[in-house]
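Structure first, commentary second.
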Amino acid sequence: MSEIDLKVIDHLEKLCRIQCTDQEKKDLLQRLRQVVDYIHLLDQIDTEHVAPCIRVQQSLQKNTLREDVVKDQLSKETFLKNSPAHIGGMIQVPSVIDKEERT
Amino acid sequence: MNNDLYRFSAKKINELFLKDVITATEIAEYYLSRIESHNGQLGAFLQVLSERVLQKAKRLDQKKKENKPLGKLAGIPIAIKDNIHIENQITTCGSAFLENYVAPFDATVVRLLEQEDALLIGKTNLDEFAMGSSTENSAFFPTRNPWDLTCTPGGSSGGSAASVAARLCPISLGSDTGGSIRQPAAFTKTVGFKPTYGRVSRYGLVAFASSLDQIGPIANYCEDIGLIMEVIGSCCEKDATSLNLPNESYQENIPASFENITVGIPSNFIKNLGKENKAFQDSIHILKSLNAHVIDIDLDVLKHSIATYYILATAEASTNLARFDGIRYGNRSSKAKTIDEVYKFSRQEGFGKEVKSRIMLGTYVLSAGHKAHLYMKAQKLRQMIIDAFDKAFSTCDFIVLPTSPSSAFTIGSLQDPLDLYFQDIFTICANLAGIPAISIPSGFDNHQKPLGIQIMGPQLHDVAVVKYATVLEKAFSIADKIPPLFDREVNRG
């Protein structure tokens, strides 16, 4: 019996920020049920004494962070070339706060 | 002078260029006309960089005329999978979301190839965001298999594999997250190599699953794989997972046989292979005739690799694809009136079915209430898989497996997602363990469709894997076979 139902799909839609059509939701429901039921076969495996894999590279067992120094910047001009809308050197987007919400 | 150029390896083409038998411009024009003639029926290329490659070829010819030092890949045309950036060219990732996205920088691998005077000839088709095993998930069109146009070339690097198999270029680059270089290589009778994780920089590769992705070469000959690896297999300061390893030659001291080499076969894991089992057993006989010491090894834990992979890869993908929000780049929905609608309509319109499905699955396994028993469980399984390989490699030098459970399947024939996921059953483990793995052509099935076999080695043993693959390739002796439909010169009159 699958734990996935339409409520789960609605919740995932919100988390993923993807607006699905009703037909898409039905397809996703079926698909996700099938795959999630399958991956639950891992439940039976005893992993009590296994540490989770944090880093796949065996030769590199520590973090490799660099100095926090600005390097290799993309120019604003280059960056804006791909933007869907821009104004005054900034990305233009619809209002984030509703007019009614502003005090 | 140009006759039959398509029959040659990249190395040979480079030699002909260096010896003045052919100019870079002639090479570029030759392959551009092959692409023009054949790409229509194959759908291998999304973009052909005609003007750019001819300009580069002209400059290279001039460089040669002036006796300036030439790069290791001088004159070699290379195709690039369209999830790898070439500056000022479009990178679509096979997605409607990015159909107009212009790459603002070169991927490190692109910079390295061009530094060595390679001629980048085009961007190849792929499953959207590298998610798929057939190239049917491309938002634009499917790619066809040069050996049977009704069949897929595999995926997600289907365009890269098909372009090389049809001899539209001698080398291409693909990316491999769960088998996306090796499986299309097996389906198209090409050689495909996934290096040790961290061997090749991922800077400029649009990320699918960051702990699994690797860029690698596809070619018709192992010697060309080695040639490319010497150029792209280097440390990159822009990729924090890039390994700092000494330069090694892939081309010197190729062994004559498998003398003193132990090969492990996980017989129990592959026993239900079915109809292709005979072909695999024939390949093992050839290995033995090359003096390999063949032993049985236990990799039974790999039967859990599909579930493990589809939890981890989709979790990482859901995070990596969150950046496609319609704000900074990509197609923003014209219907969006609020900020929330920018996100949800742009992603709705921009992503295909498989991508949406994987993002949702990945989000599910990471969500509150599920992360502990799904994602963390899969991380533990991953460690068990790594440990199983470590144990196996303490008793053998290489592990040999089939590449794929079957030969290329008909376009449209696999609709069930799990059936498609099972295409990766023999390849996924190498990504989970971060180990180098190569697929080389081993023969044909009863329908004259190619089959492939994999050699895997411990992490960092890339050179050994490629060198011993060269030995096996020679023994199989099918590298020079060309798909009949493409085995002819193009009339350029």
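Everything quoted here is computed from the prediction, not taken from an experiment. Within every chain, numbering begins at 1; the chains are lettered A, B, ... in the order of the sequence lines, protein sequences first and strands thereafter.
Classification of the B:His370-B:His373 ring pair by plane angle, with boundaries at 30° and 60°, yields perpendicular.
Side-chain contact between B:Leu98 and B:Thr91 is absent, with no heavy atoms from C-beta onward closer than 4.5 Å. A 4.5 Å side-chain heavy-atom check between B:Cys429 and B:Leu299 finds every atom pair outside the cut-off. Counting heavy atoms from C-beta on, the side chains of B:Leu212 and B:Ile428 never come closer than 4.5 Å. Residues B:Lys356 and B:Gln348 have side chains in contact (heavy-atom distance under 4.5 Å, counting atoms from C-beta outward). By the 4.5 Å heavy-atom criterion applied to side chains, A:Gln34 and B:Asp416 are counted as neighbours.
With a 4.5 Å cut-off on non-hydrogen atoms, A:Glu13 touches chain B through its backbone and its side chain both. Looking at A:Leu42, the atoms closer than 4.5 Å to chain B (heavy atoms on both sides) sit in the backbone and in the side chain alike. With a threshold of 4.5 angstrom between heavy atoms, B:Ser357 approaches chain A through its backbone and through its side chain. A:Ile18 touches chain B through backbone and side chain together, each having a heavy atom under 4.5 Å away. Only the side chain of A:Leu41 comes within less than 4.5 Å of a heavy atom of chain B; its backbone N, CA, C and O stay farther away. Proximity to chain A is absent for every atom of B:Leu312, based on heavy atoms less than 4.5 angstrom apart. Proximity to chain A is absent for every atom of B:Ala322, based on heavy atoms less than 4.5 angstrom apart. Neither the backbone nor the side chain of B:Asn331 has a heavy atom closer than 4.5 Å to any heavy atom of chain A. At a 4.5 Å heavy-atom cutoff, the contact between B:Lys337 and chain A is made by backbone atoms alone. Contact of A:Leu12 with chain B is made through backbone and side chain together, with heavy-atom distances under 4.5 Å. Only the side chain of A:Lys71 comes within less than 4.5 Å of a heavy atom of chain B; its backbone N, CA, C and O stay farther away. Interface residue A:His40: only side-chain heavy atoms are found under 4.5 Å from chain B. In this structure, no portion of B:Ser346 lies under 4.5 Å from any heavy atom of chain A. Using a 4.5 Å cut-off between heavy atoms, B:Val301 does not touch chain A at all.
In terms of heavy-atom pairs under 4.5 angstrom with chain B, the leader among A:Asp43, A:Ile45, A:Leu15, A:Leu28 is A:Ile45. Most heavy-atom pairs under 4.5 Å with chain B: of the set A:Cys16, A:Ala51, A:Ser83, A:Ala85, this distinction falls to A:Cys16. Contact tally against chain A (heavy-atom pairs below 4.5 Å) for B:Leu460, B:Asn244, B:Ile435, B:Asp390: the top residue is B:Asp390. Among B:Met384, B:Arg382, B:Lys377, the residue with the largest count of heavy-atom pairs under 4.5 Å with chain A is B:Lys377. Contact count versus chain A (heavy atoms, under 4.5 Å) is highest, among B:Gly434, B:Gly350, B:Pro104, for B:Pro104. For the set B:Leu361, B:Val102, B:Ile359, the count of heavy-atom pairs under 4.5 angstrom toward chain A peaks at B:Val102. Counting heavy-atom pairs closer than 4.5 Å to chain A, the top residue among B:Met376, B:Gln379, B:Lys344 is B:Lys344.
A salt bridge between B:Lys353 and A:Glu24 is absent, with no side-chain N of the basic residue lying under 4.0 Å from a carboxylate O of the acidic one. In this structure, B:Glu354 pairs ionically with B:Arg358, as a charged nitrogen and a carboxylate oxygen lie closer than 4.0 Å.
The backbone N or O of B:Asp213 sits nowhere less than 3.5 Å from a side-chain atom of B:Asp176 that would complete a donor-acceptor pair. Counting only distance, with no hydrogens or angles, the side chain of B:Glu316 and the backbone of B:Ser211 share a donor-acceptor pair below 3.5 Å. Judged by distance alone, with hydrogens and angles left aside, the side-chain atoms of B:Asp239 form a donor-acceptor pair with the main-chain N or O of B:Arg202 at under 3.5 Å. Listed for the A:Arg33 side chain is no donor-acceptor partner under 3.5 Å among the backbone atoms of A:Asp5.
Between B:Tyr310 and A:Tyr38, the distance from one ring center to the other does not fall under 6.0 angstrom.
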